[in-house]
Number of protein chains: 2
Amino acid sequence: MMPPRTPASAATSEPDPSRRNNLSLLTSLVHHHRVLSRAQLTRHTGLNRSTVGTLIGQLISLGVVYETAPSGEGQVGRPSPDVHSSPSIAALAVNPEIDAVTIGLVGLGGKVHKKIRFETERIPSAREAVNIAAAVIAGMRSELDASYRITGIGMAVPGLVNRDDGVVRHAPHLGWRNEPVARLLSEATGYPCQAANDASLGAEAELIFGAGAGQKNLIYLNGGPSGIGGGVIADGQLLRGVSGYAGELGHTFVRSEGSTCHCGATGCLETEVSQSRLLGLAGLSSGDTADLERALGNRNSSAVNDEVARQLTYLGITLRNAVNIFNPEAIVLDGFLGTLHALAPASLDGILHAQAMEGPAGQVKIYRAALGSDLMMIGAAELAFTPFLADPAGLGTTAGTVPAPTSQTG
Amino acid sequence: MMPPRTPASAATSEPDPSRRNNLSLLTSLVHHHRVLSRAQLTRHTGLNRSTVGTLIGQLISLGVVYETAPSGEGQVGRPSPDVHSSPSIAALAVNPEIDAVTIGLVGLGGKVHKKIRFETERIPSAREAVNIAAAVIAGMRSELDASYRITGIGMAVPGLVNRDDGVVRHAPHLGWRNEPVARLLSEATGYPCQAANDASLGAEAELIFGAGAGQKNLIYLNGGPSGIGGGVIADGQLLRGVSGYAGELGHTFVRSEGSTCHCGATGCLETEVSQSRLLGLAGLSSGDTADLERALGNRNSSAVNDEVARQLTYLGITLRNAVNIFNPEAIVLDGFLGTLHALAPASLDGILHAQAMEGPAGQVKIYRAALGSDLMMIGAAELAFTPFLADPAGLGTTAGTVPAPTSQTG
DNA sequence: GTTAAATTGTTCTAGACACAAACATATTAT
DNA sequence: ATAATATGTTTGTGTCTAGAACAATTTAAC
């Protein structure tokens with residue numbers, strides 16, 4: 001007996017959890033701030049100077065960050081070098097919509113390197129969306145292999161997405177039901193893929209890089225042409241729920257005599273507050289948020305004003321509920337909800353102070369979303385960054401080490 | 001120069017964060033399960049046998065847990081000793097209500113050793129409640145000092161409580177405003193004191209020891225004589241918000257023509273669903289939940305049925321919203337809301353499946369609260385256990401080491 | 001009933017890791 | 001030019017966890 005001893009050592013094996021933790025902490029910090037001096041990292045983490053030194057050294061040798069000469073800021077003492085997140089660590093982002101599939105390449109630090117919008121003539125099926133994404137990624141493949149280390153693919157889907165298995169439970173506006181998009185795209189590209197609700201990812205993006213930077217409790221609401229999506233950050237963490245369905249603030253009850261929503265209930269926010277009603281009053285048949293805002297700004301008819309006031313009332317009820325339930329620091333409004341708020345900035349604040357409970361009402365501020373069209377790319381990429389940030393030293397050591405693709409459908 | 005070196009070592013100083021983490025993990029596990037074999041602890045934590053051995057040894061010498069002979073379960077192999085949470089580690093719990101102040105002594109593991117209900121002739125002021133609690137605690141003092149190590153005092157208040165500083169922002173039914181109860185009670189007893197909303201603590205108690213045991217996403221709603229309180233557990237953590245005001249589901253908007261609530265808004269759940277309306281129909285002038293349930297069960301008039309159905313409709317709207325927003329596994333109903341649900345068990349399930357989104361609606365189950373009258377004591381004690389559980393080796397080493405009281409107001 | 005198998009506690013050792021101290025370096029203030 | 005300040009770097013130390021080897025104690029097998 002006695003096999004000649006199994007030292008359980010294959011190459012480096014697992015590092016200590018404490019090391020992984022600290023590496024993760026530093027990488028996340030650099031990712032969120034893009035640039036940070038080593039001294040700042042020492043203060044943020046509470047770790048020892050020398051510890052940060054060795055950790056940064058390891059991250060540099062892993063190709064995760066790089067240092068540049070100190071940007072002398074005029075402080076006393078030896079200048080501290082700047083630590084940057086490496087742009088060659090990147091994630092792919094995919095966002096299917098009713099009229100297009102957008103594919104993006106996003107670097108660590110949230111920089112969108114590339115964004116390709118593939119317009120479709122009709123609403124894409126799940127398989128079509130996957131095929132389009134796989135084809136575009138196949139086209140980028142040689143560049144990706146040469147210059148990037150891809151942590152994976154994140155997919156932002158307008159609908160209910162089970163985050164554990166990446167199955168789209170129901171995306172009403174796309175007409176998808178029970179589509180295992182993450183698995184499909186992963187098989188088609190060879191990259192690990194995860195999917196989540198678009199508004200939830202929007203909340204995360206705005207939290208890290210946008211209007212909610214530095215906060216820990218935030219509510220994000222996006223008004224798009226086909227409905228209202230929501231995402232909630234509680235205590236710095238995205239609210240997921242059991243399966244990742246959480247955050248559907250668009251179906252908050254706001255009106256007793258409301259009509260029936262496509263979700264089956266009556267009186268949902270989404271049926272009362274909609275972009276199409278505003279487009280109609282603005283005299284537009286279609287258009288994006290910028291067009292709408294311009295048109296509404298010019299028309300000052302009482303019909304427009306009444307409708308804006310009406311929609312703000314219902315939006316106010318949703319926000320009142322949300323403020324009472326979440327006690328957030330920030331509400332971030334995106335899409336035409338941002339427009340609505342901009343048209344009458346005092347309105348929502350007034351509703352909140354009158355109707356929400358005085359404790360939480362006094363602590364919340366309403367912001368307009370800051371990230372614009374890059375939002376979905378950054379949010380989806382975050383989905384693929386998350387496992388990497390949790391263990392920056394795991395798996396591949398340097399750029400180029402990427403799981404081989406199994407097939408390129410397209 | 002060179003002062004003779006400061007070894008920064010005062011006695012034991014700080015242990016490594018990793019040790020504190022593991023100690024905390026083990027203690028919390030034992031606290032939640034009450035009894036657990038050492039082998040089970042090894043599996044739950046993923047730590048090495050030998051590591052668990054040394055950790056348990058340290059916890060035993062700290063008086064946090066104790067071991068008993070294996071309760072031979074008929075498994076192959078050497079039996080593993082049982083690890084129990086020490087009942088001598090305890091916390092004090094205080095719960096002011098409109099007609100009484102209840103003080104409790106709760107051991108690690110959630111066992112209520114003692115519960116003293118001090119009835120008041122009128123609604124107690126904040127200072128009166130503090131004085132009552134301090135007097136009762138002063139009376140228990142010698143017993144506490146002799147037999148217990150008290151981790152602190154937790155206070156469950158029916159109202160908005162700032163969890164950071166323990167100030168009651170507004171407790172409408174008690175008539176309190178901006179009362180620094182935690183500081184007052186701490187000064188009066190010498191124990192560290194924290195305060196929080198009663199329903200939030202109820203949610204935590206039901207999560208750990210009650211109907212939601214083992215779950216990670218739970219909504220707790222309590223219907224009391226003076227209103228409806230709510231608490232939410234998201235991803236295993238109590239939803240706090242910026243200041244701890246989160247969870248106020250009792251003020252969810254449920255009716256457009258609703259009357260004005262004492263919170264200032266209209267159409268709140270609390271104004272439509274109330275115990276007093278049910279008491280009236282049941283022919284009772286006052287009474288607790290058990291009385292109400294008995295009376296309603298006997299009277300089967302259509303007036304009663306209509307009112308029950310009406311209240312369930314509005315409760316259903318709140319739960320619909322909450323399910324869409326939180327995607328929870330469990331809804332726990334306490335107080336007369338539990339009665340309401342018990343009178344027509346299929347009603348809420350039906351509403352949820354018809355009105356909530358199909359993804360989250362299919363994953364949630366409705367439970368009735370399990371902890372009964374001990375709930376507030378357990379929840380409040382949890383508030384005082386939390387810092388202890390985070391660092392079981394911090395500060396005092398054995399029973400009896402308690403911060404000295406500064407004064408005993410009474 | 002005796003032996004084998006399985007599971008767990010116990011002891012000892014080694015490797016990893018973070019910290020502190022001492023020193024070196026680079027900037028601003030005097 | 002010198003002092004003060006802040007930070008990177010090197011080296012040694014103490015802590016902590018995992019793993020190996022062994023002992024203990026039960027059930028299963030023959």
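Residue numbers start from 1 in every chain, and the chains themselves are labelled A, B, ... in the order their sequence lines are given, proteins ahead of strands.
For the atom pair CG of A:Leu23 and CG of A:Asp16, the computed distance is 12.0 Å after rounding to the nearest 0.5 Å.
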Strictly under 3.5 Å: I want the nitrogen or oxygen pairs between protein and nucleotides 14-18 of chain C, one per line.
| residue | atom | partner | partner atom | Å |
| --- | --- | --- | --- | --- |
| C:dC17 | OP1 | A:Asp16 | N | 3.3 |
| C:dC17 | O5' | A:Arg19 | NH1 | 3.3 |
| C:dC17 | O3' | A:Ser18 | OG | 3.3 |
| C:dA18 | OP1 | A:Ser18 | O | 3.4 |
| C:dA18 | OP1 | A:Ser18 | OG | 2.9 |
| C:dA18 | OP1 | A:Arg19 | N | 3.4 |
| C:dA18 | OP1 | A:Asn22 | ND2 | 2.8 |
| C:dA18 | OP2 | A:Arg19 | NH1 | 3.3 |

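When all heavy atoms of B:Leu371 and B:Gly210 are compared, the pair lying nearest together is CD1-CA, 3.5 Å. The two residues A:Gly241 and A:Ala246 make their nearest non-hydrogen contact at N-CB, 3.8 Å. Contact detail for A:Ala234 and A:Leu239: the closest heavy-atom pair is CB-CD1, 4.4 Å.
The main-chain N or O of A:Gly166 is never found under 3.5 Å from a side-chain atom of A:Gln194 such that the two would form a donor-acceptor pair.
Taking atom CD1 of B:Ile60 as the reference point, atom C1' of C:dT10 lies 14 Å away to the nearest angstrom. Rounded to whole Å, the distance from CD1 on B:Ile56 to C1' on C:dT10 is 14 Å.
Aromatic pair B:Phe388/B:His31: ring centres not closer than 6.0 Å.
The shortest side-chain heavy-atom distance between B:Glu206 and B:Tyr367 does not fall under the 4.5 Å cut-off.
The environment of CD in B:Gln215 is crowded: more than 12 heavy-atom neighbours from other residues, nucleotides or ligands sit within 6.0 Å.
Note on B:Asp164 versus B:Arg240: salt bridge recorded, some NZ/NE/NH1/NH2 to OD/OE distance being below 4.0 Å.
Across residues 27-36 of chain A, not one residue has a non-hydrogen atom less than 4.0 Å from an atom of DNA chain D.
Ring geometry, B:Tyr66 versus B:His84: the interplanar angle falls under 30°, so the pair is classed parallel (tilted spans 30 to 60°).
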Q. In B/S/- notation, 5' to 3', how is nucleotides 1-8 of chain D contacted by protein heavy atoms closer than 4.0 Å?
A. ----BBBB
